[in-house]
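Following: one structure in structure tokens, then a few remarks.
Start at 1 and go down the list; that is how both ligands and their atoms are numbered. Note that the structure is a prediction, hence the values are computed from the model and not measured. Side chains included, hydrogens not; waters and symmetry mates left out as well; all remaining heavy atoms used.
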Amino acid sequence: MSERDIMEYDVVTVGAGPAGLAFAIRLKQLKPDIRVCVIEKASTIGAHILSGAVIEPEPLNALLPDWGKNPPPICVPVTKDEFWWLHDPKRGTKMPLTPPQMHNHGNFIVSLGALCAWLAPQAEALGVEIYPGFAADEPMFDENGAVCGVRIGDMGVAKDGSHKPSFTQGIDIKAPLTVLAEGCRGHLTKQLIRRYQLDANCDPQTYGIGIKELWQLPPGRGEAGKVVHTIGWPLDPATYGGSFIYHLDKDRVAIGFVVGLDYQDPAFAPFEAFQQLKHHATVKPLLEGGSILSAGARAIMEGGYQSLPKCEMPGALLIGDAAGLLNVPKIKGTHQAIRSAMLAAEHVVENLKSEGWDAKLRASPVMAELKKVRNIRPGFNKGLWFGLANAGWETVTFGLSPWTLKNHADWSSLQKIDSYEAPKRDYVERTLPPRDRLAEVYFAATEHDEDQPVHLLVADTNICITRCVEEYGNPCQRFCPAAVYEIVEDDAGKRLQINAANCVHCKTCDIKDPYEIITWVTPEGGSGPNYQNL
Ligand SMILES: Cc1cc2nc3c(=O)[nH]c(=O)nc-3n(C[C@H](O)[C@H](O)[C@H](O)COP(=O)(O)OP(=O)(O)OC[C@H]3O[C@@H](n4cnc5c(N)ncnc54)[C@H](O)[C@@H]3O)c2cc1C
Ligand code: SF4
């Protein structure tokens with residue numbers, strides 16, 4: 001095989017989300033002659049980004065003080081906050097007070113995907129080189145064991161591993177510093193956390209799954225700038241989560257549902273719960289007669305302060321959601337991603353070294369923000385009522401409790417069918433689109449060449465048809481929002497079929513599988529969802 005092509009930079013940044021782009025922009029602002037590139041697995045910048053998103057603007061103000069003169073294409077000032085408690089499918093109460101973390105006065109409703117697509121040319125104008133369609137497949141190490149760059153995945157490999165006529169060997173991108181900005185459950189980040197035992201002194205990381213649809217409402221129905229959050233139905237009190245409904249301009253509304261991946265019920269299906277939420281008596285009238293423009297799913301960080309791994313290793317560092325800096329009670333991570341990115345750029349600009357970054361981050365306002373709210377999310381591990389009371393306490397005491405509650409790995413919370421009494425679910429008949437998960441995948445516009453190696457590695461598929469079917473009833477068929485996993489039966493007997501082409505890169509299977517045997521790896525660069533304005 002021929003030698004791989006090598007490109008060399010001062011810094012290689014993995015991921016063109018808000019963290020990666022803000023990092024590169026700040027670095028170039030500080031040192032215009034530095035060579036920095038940003039690589040992105042999506043075919044275009046923003047196409048793999050799925051968020052709410054209501055953003056706090058302060059870090060963006062600091063990064064690009066004039067951004068308001070040329071704002072991103074979707075950018076609606078928040079005008080109103082509402083917080084609802086949904087009792088059952090029919091009844092809901094608007095709470096007189098909104099939790100302080102959900103006060104959004106001064107914030108903006110954006111499409112984070114569109115915001116990233118808007119940031120990218122501004123980075124390029126400063127000289128940042130951005131490569132969409134490049135999936136970082138593996139980290140590279142030098143002779144001392146330090147990270148020295150990343151290897152881009154090969155293109156044109158057939159399902160059986162042979163080379164198609166279109167085969168192109170992935171290049172190596174080498175740099176004294178690699179910045180991991182892969183977002184939640186990063187593929188390289190996960191490997192590096194394990195290799196350098198970066199999580200040796202913290203709690204396990206925890207996650208949620210967020211499923212979202214962008215709707216076009218009938219004319220005149222939208223209330224641009226209105227922000228609604230709900231808790232309660234259709235979730236039972238043991239399951240953490242809730243919904244968000246953000247009114248954009250032009251009668252468009254972003255509706256989404258987030259569920260903690262520490263749910264216990266093996267029969268629970270987050271996608272179905274989201275569809276139920278849309279049929280609540282207070283929500284359905286908003287959507288009826290409208291149409292879905294775009295849809296998808298993405299895991300979200302929930303571990304916060306006590307799950308933060310060490311954020312540096314020889315030759316590399318973590319920023320944004322790759323580190324786990326999202327503020328869960330606010331359901332906001334964008335401001336933390338941009339803030340940490342700027343701080344990291346300021347830290348490395350002179351000597352391109354990761355040393356000292358972890359201490360700098362921990363002493364910064366980014367970490368102070370996480371510390372204040374650290375006990376709120378784990379308080380819900382004891383159920384909704386305890387969680388709410390505890391959240392009230394933690395809020396009025398500004399997080400000054402002398403204790404820190406623990407986080408547990410999400411996969412370990414799933415209960416076995418025979419020992420779990422599932423809560424009764426008062427689900428209603430569905431009439432709103434989409435019909436099913438495959439119809440939702442259509443709105444994600446996800447594309448993978450079918451003739452490429454399956455990018456969801458299941459270490460032992462025997463378990464699926466022996467133990468898992470008995471113990472958990474194959475929950476992969478329910479936790480995956482894109483119908484990728486299917487137990488089929490043919491002449492050869494029962495087996496797991498992986499419909500990898502449907503995958504929307506949410507990473508839920510990599511997190512929630514109770515045997516921890518599913519590994520998400522990068523498919524060919526440019527594959528995956530093509531989100532529009534999510
Ligand atoms: C449902 C949901 C609702 C949310 N709501 C809000 C909200 O209202 N407000 C808010 O502030 N935050 C919200 N967040 C959180 C917010 O989206 C994140 O905190 C933010 O996107 C983190 O930015 P990031 O740059 O660290 O990661 P990301 O935005 O995830 O960006 C990572 C990028 O890296 C790319 N990438 C990953 N791995 C590789 C690889 N190996 N090679 C190449 N490219 C790679 C990805 O394709 C992606 O483009 C929400 C998140 C979810 C899931
Ligand atoms: S296969 Fe995994 S990463 Fe892909 S959509 Fe399903 S749960 Fe998400």
Side-chain angles (χ1 to χ4, degrees), residues 13-23 38-42 45-56 104 107-110 112-113 115-116 131-139 150 152-153 180-189 207-212 227 244 246 254 256-258 270 296-301 318-328 330-338 340-341 437 441 444 446 455-456 476 479-485 498-500 502-513 518 520-523 525 528-529 531 534:
T13 311
V14 184
L21 292 169
F23 171 83
V38 181
I39 58 171
E40 169 56 52
K41 66 181 166 64
I45 301 303
H48 286 186
I49 305 273
L50 182 143
S51 188
V54 174
I55 60 161
E56 293 185 6
N104 285 302
N107 295 339
F108 293 87
I109 306 175
V110 300
L112 196 59
L115 185 139
C116 289
Y131 298 110
F134 274 45
D137 191 35
E138 50 183 299
V150 296
I152 302 303
L180 294 148
E182 292 180 287
C184 180
R185 194 69 168 190
H187 164 60
L188 305 192
T189 306
Y207 305 85
I209 173 175
I211 309 173
K212 176 181 167 185
V227 165
F244 59 87
Y246 301 154
F257 195 64
V258 175
R298 181 80 171 98
I300 181 166
M301 307 302 296
L318 311 178
I319 56 173
D321 272 10
L325 298 171
L326 181 133
N327 180 326
V328 195
K330 286 185 178 174
I331 343 172
K332 290 188 184 68
T334 308
H335 63 295
Q336 293 276 86
I338 297 177
S340 64
R437 282 181 289 177
V441 169
T446 197
H455 69 281
L456 299 142
C476 58
F479 58 59
C480 170
V484 168
Y485 299 98
I498 304 177
N499 307 312
N502 292 351
C503 177
V504 295
H505 298 198
C506 74
K507 314 275 179 84
T508 301
C509 52
D510 193 286
I511 298 163
K512 187 60 179 171
D513 168 49
I518 302 181
W520 186 98
V521 300
T522 42
Y531 292 145
L534 286 187

May I ask you to identify, for Asp137, whether its side chain, its backbone, both or neither come under 4.0 Å of ligand 1 on a heavy-atom basis? neither

Ala136 and Ile152 have their tightest heavy-atom pair at CA-CD1, 4.2 Å

Listed by chain and number, what are the side chain to side chain donor-acceptor pair (under 3.5 Å) partners of [X], not counting sequence neighbours?
{"X": "Thr446", "value": "none"}
{"X": "Tyr485", "value": "none"}
{"X": "Lys332", "value": "Asn104"}

Would you please test His505 and His455 for ring-ring contact (aromatic ring centres under 6.0 Å, His included) and show each step? CA-CA 10 Å; His505 298 198; His455 69 281; 5.7 Å; yes

Nitrogen or oxygen atoms of Thr522 and ligand 1 under 3.5 Å apart: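 There is no such contact.
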
Can you find an N or O of His187 that's nearer than 3.5 Å to an N or O of ligand 1?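 N/O-N/O distance below 3.5 Å does not exist for this pair.
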
Tell me whether [X] reaches ligand 1 (any heavy atom closer than 4.0 angstrom to a ligand atom).
{"X": "Ala42", "value": "no"}
{"X": "Ala181", "value": "yes"}
{"X": "Lys212", "value": "no"}

Specify the protein heavy atom at minimum distance from atom 42 (N) of ligand 1: its residue, its atom name, and the distance to 0.1 Å.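 Protein heavy atom with the smallest distance to atom 42 (N) of ligand 1: Ala136 N, 2.9 Å.
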
Starting from atom 47 (O) of ligand 1, locate the nearest protein heavy atom and write down its residue, its atom name and how far away it is, to 0.1 Å.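 The closest one turns out to be Glu40 OE2, 2.7 Å.
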
Out of Gly15, Pro139, Ala135, Ala322, whose heavy atom is nearest to atom 34 (O) of ligand 1?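 Residue with the shortest heavy-atom distance to the ligand atom: Gly15.
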
Tell me which one of Gly320, Ser51, Gly525 gets a heavy atom nearest to atom 14 (N) of ligand 1.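 Shortest heavy-atom distance from atom 14 (N) of ligand 1: Ser51.
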
Hey, which protein N/O/S atoms does atom 8 (Fe) of ligand 2 have under 2.8 Å? Cys506 SG

For ligand 2, note which part of Phe479 has a heavy atom under 4.0 Å away: side chain, backbone, both or neither.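 Answer for Phe479: neither.
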
Strictly below 4.0 Å, N to O, side chains only: are Lys41 and Glu182 in salt-bridge contact?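 The answer is no: the pair does not qualify as a salt bridge.
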
For ligand 2, which atoms sit closer than 4.0 Å to a heavy atom of Leu456?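 Every atom of ligand 2 under 4.0 Å from some heavy atom of Leu456: 1 (S).
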
